[in-house]
Amino acid sequence: NLNSGIINSTFSGIYNNGTLELNGGTISTEHFGINNLEASTVEFNSGKIIVSTASASEIIGIYNSSTKDNAIVMNGGEIIAEAKGSGYAVGINSNSSGDINIVNGTIDISAKDHYALGINNIETGDVKIETGSTIIAKSTNNFTRGIVTYRGNVNINGASITAIGGGSTGSYGVFSYADTENTTADISVIGGSIIGQVASGSGNAAGIGLSVNSSNATTLNISGGANIKGISDSGIAFGIHNLSSSGNISINGANISANSNTGREDGINNKGNNELIITGTVSTPTIINETLTSTDKTGHGIYQSGGKLTLTNGYTIENSIGIEYPFVKGSKYGVYVTNDCEFNFYDGLLEGTNELAIYGTVTNKPNSAEIRKETVEDRQKAYLYNPDAINNYGIIYNLDGGIVDGENPTMFTSETEEFTLINPTKENYVFTGWTGTGLTELTKTVTLTNGKYIPTANVTLYAKWTVNEYILAYDA
């Protein structure tokens, strides 16, 4: 047991072949903080492990060097590893089948010219990161990973995972590379934050929040308002990138986004020919449960290749004028489906800024699902846009502060029955008429019918007003 004091070493601070409990103190070395040997356990409750060198050597905070059931339990404390030279830096490197459990712990890893990894989990042990924990991996000129797991499951509950790197390889917040020896490598994220960022990259360096590259079934479960983001200043950016050949992705309340200065960016890029289901629950109207955003011209909210994509009810955001919409946004396509993907769009809103909201075919879509081609500010209602329908147009009403006592239609087809729009009202103003698509002059009565007003494209109508004027009489 280490409760206080300082251990200084040029190689390893402690070789552990039993049970080691850290309740304070500092271990300061230039190579390994702790080398955990055969069937050993480290309980890290407080204190610091500091590993730092300017040489070309690799540095590791805690090294599980045995393949046996070595366990690491971190209930506090801090691991700091800084490779100032050309070596790599790793916070926890595990070759063991034992689990890694971190609660309220901090791992801060940095490297100059080589890679930096927060946790590198090579064998079948699981990684569990709980509320209050922080993992940061930074490299000036090379790639970074917050967590890497090859065979074990990953459970993240309310923790913060960040990877910031440079160079041409890319940086991932969480990277699962399950091999053929494990068919059940699952990832669960409840709340918290996962960020993969390329801050000084070159070429097509990828910034990815959560990446799965597996030939086996990998199941992703994301919920609890988790924030997952990919950022790149030079290459592609994906919030979630999944190449798993099977296994499903379930997202129930999350903020998933991607931002790149120069390259493609997808909120979710799913090429695994599997099933992606996005749902959500709302406890208060202001909670952001689903926001899949992409701002680059080549970006999509969701890119789904093959398999099955289902968007269903319950996930909402609150927009600038207080109307809540289930929301998926992409600057090119809101959703891009290909390779015979089954796309079920049961409830929500799709938006594509520069092109269509959807590329591909919607298999099932009831009228409650809203699909919108372009952003319209200060709107009262979004219109419906169905790229598979003929003569199926949407209507947006810009009321300029007015209100409608009733409901005007938000969709118009060549088969729509005659309907005269309900004119809005506005306190201290007089409604003077409508202007907008297909109207050549200010029109006070607009009737939708085959014989009168038939738009041939999506419609925006603007309410026009004049201020009430009053005569003041003075009795002298």
Side-chain angles (χ1 to χ4, degrees), residues 12-22 27 31-45 49 51 58-77 79 81 88-105 107 109 115-130 133 135 137 145-157 159 161 172-190 210-221 244-247:
S12 289
I14 296 177
Y15 271 86
N16 179 43
N17 201 24
T19 298
L20 173 63
E21 186 173 333
L22 303 178
I27 300 173
H31 194 45
F32 297 148
I34 297 173
N35 193 338
N36 213 26
L37 302 176
E38 302 291 330
S40 303
T41 299
V42 174
E43 296 181 8
F44 191 1
N45 298 316
I49 297 174
V51 188
E58 71 273 19
I59 60 174
I60 300 173
I62 299 178
Y63 182 28
N64 263 346
S65 57
S66 170
T67 58
K68 294 186 178 180
D69 192 14
N70 291 7
I72 297 174
V73 179
M74 192 171 178
N75 293 317
I79 298 174
Y88 64 76
V90 182
I92 297 176
N93 193 88
S94 180
N95 293 324
S96 169
S97 59
D99 295 342
I100 299 172
N101 297 290
I102 301 177
V103 180
N104 291 321
I107 299 176
I109 311 302
Y115 63 77
L117 310 177
I119 295 177
N120 188 32
N121 188 42
I122 298 172
E123 283 296 332
T124 57
D126 293 343
V127 176
K128 299 177 182 178
I129 316 295
E130 298 290 337
S133 300
I135 297 176
R145 307 284 187 266
I147 298 175
V148 180
T149 182
Y150 287 83
R151 299 168 187 171
N153 300 324
V154 177
N155 295 282
I156 300 171
N157 186 358
I161 316 294
Y172 308 158
V174 174
F175 181 47
S176 175
Y177 193 77
D179 60 21
T180 56
E181 297 183 30
N182 184 9
T183 59
T184 59
D186 298 333
I187 298 176
S188 173
V189 181
I190 303 174
L210 194 161
S211 177
V212 177
N213 188 352
S214 171
S215 59
N216 296 298
T218 298
T219 298
L220 302 180
N221 291 294
S244 174
S245 58
S246 58

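- Scored by the side chain to side chain donor-acceptor pair (under 3.5 Å) test, Asn101 finds no partners at all (sequence neighbours excluded).
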For Val189 and Leu210: C-alpha separation, side-chain torsions, deciding distance, then whether side-chain contact (heavy atoms from CB on, under 4.5 Å) applies. CA-CA 10 Å; Val189 181; Leu210 194 161; 4.1 Å; yes
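- In this structure the side chain of Ile187 never reaches within 4.5 angstrom of the side chain of Thr219, judged on heavy atoms.
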Start with the C-alpha gap between Phe44 and Ile49, add the side-chain angles, then the distance that decides, and say whether side-chain contact (heavy atoms from CB on, under 4.5 Å) holds. CA-CA 10 Å; Phe44 191 1; Ile49 297 174; 3.7 Å; yes
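- Side-chain contact check for Asn93 and Asn120: at least one donor-acceptor pair (N or O, by modelled atom type) lies under 3.5 Å.
- Atom CD1 of Ile14 sits about 5.0 Å away from atom CD1 of Ile34, to the nearest 0.5 Å.
- When all heavy atoms of Glu130 and Ala159 are compared, the pair lying nearest together is O-CB, 3.7 Å.
- In this structure, Gly118 and Ala137 approach most closely via the heavy-atom pair N-CB, 3.9 Å.
- Formation of a donor-acceptor pair under 3.5 Å by the Asp99 side chain with backbone atoms of Asp126 is found in this model.
- Nearest heavy-atom pair, Asn64 versus Ser96, reported as atom, atom and distance to 0.1 Å: ND2-CB, 3.9 Å.
- Distance CD1/Ile92 to CD1/Ile72: 4.5 Å, rounded to 0.5 Å.
- The distance from atom CG of Asn157 to atom OG of Ser133, rounded to the nearest 0.5 Å, is 10.0 Å.
- For Thr124 (side chain) and Gly152 (main-chain N/O), no donor-acceptor pair under 3.5 Å exists by modelled atom type.
- The two residues Gly33 and Ile27 come nearest to each other via the heavy atoms O-CG2, 3.6 Å.
- In this structure, Tyr63 and Phe32 have tilted ring planes: the angle between them lies in the 30° to 60° band.
- The backbone N or O of Glu58 sits less than 3.5 Å from a side-chain atom of His31, completing a donor-acceptor pair.
- Ser211 is not listed as a side-chain neighbour of Val174, based on a closest heavy-atom distance of 4.5 Å or more.
- Each of Thr41, Asn35, Asn36 was compared with Asn16 under the side chain to side chain donor-acceptor pair (under 3.5 Å) criterion, and only Asn36 meets it.
- For the atom pair OH (Tyr172) and CZ (Arg145), the distance works out to 5.0 Å, reported to the nearest 0.5 Å.
- Taken from CD1 in Ile122 to OG in Ser94, the straight-line distance is 7.5 Å, to the nearest 0.5 Å.
- With Met74 as reference, Ile102 is the one residue of Asn104, Val42, Ile102 to meet the side-chain contact (heavy atoms from CB on, under 4.5 Å) rule.
- No donor-acceptor pair under 3.5 Å is formed between the side chain of Asp186 and the backbone N or O of Leu220.
- Between the side chain of Asn75 and the backbone N or O of Val103, no donor-acceptor pair lies under 3.5 Å.
- The shortest side-chain heavy-atom distance between Glu21 and Asn45 falls under the 4.5 Å cut-off.
- In this structure the side chain of Val127 never reaches within 4.5 angstrom of the side chain of Asn155, judged on heavy atoms.
- If you check the side chains of Asn70 and Ser40, you find no donor sitting under 3.5 Å from an acceptor.
- Here the CD1 atom belonging to Ile119 is positioned 5.5 Å from the CD1 atom belonging to Ile100, to the nearest 0.5 angstrom.
- For the pair Ile135/Ile147, a side-chain contact is recorded, criterion being any heavy-atom separation below 4.5 Å from C-beta on.
- Closest heavy-atom contact between Ile107 and Gly91: CG2-CA, 4.0 Å.
- Scanning both residues, Ile62 and Ile60, for their nearest heavy atoms gives O-CG2, 3.3 Å.
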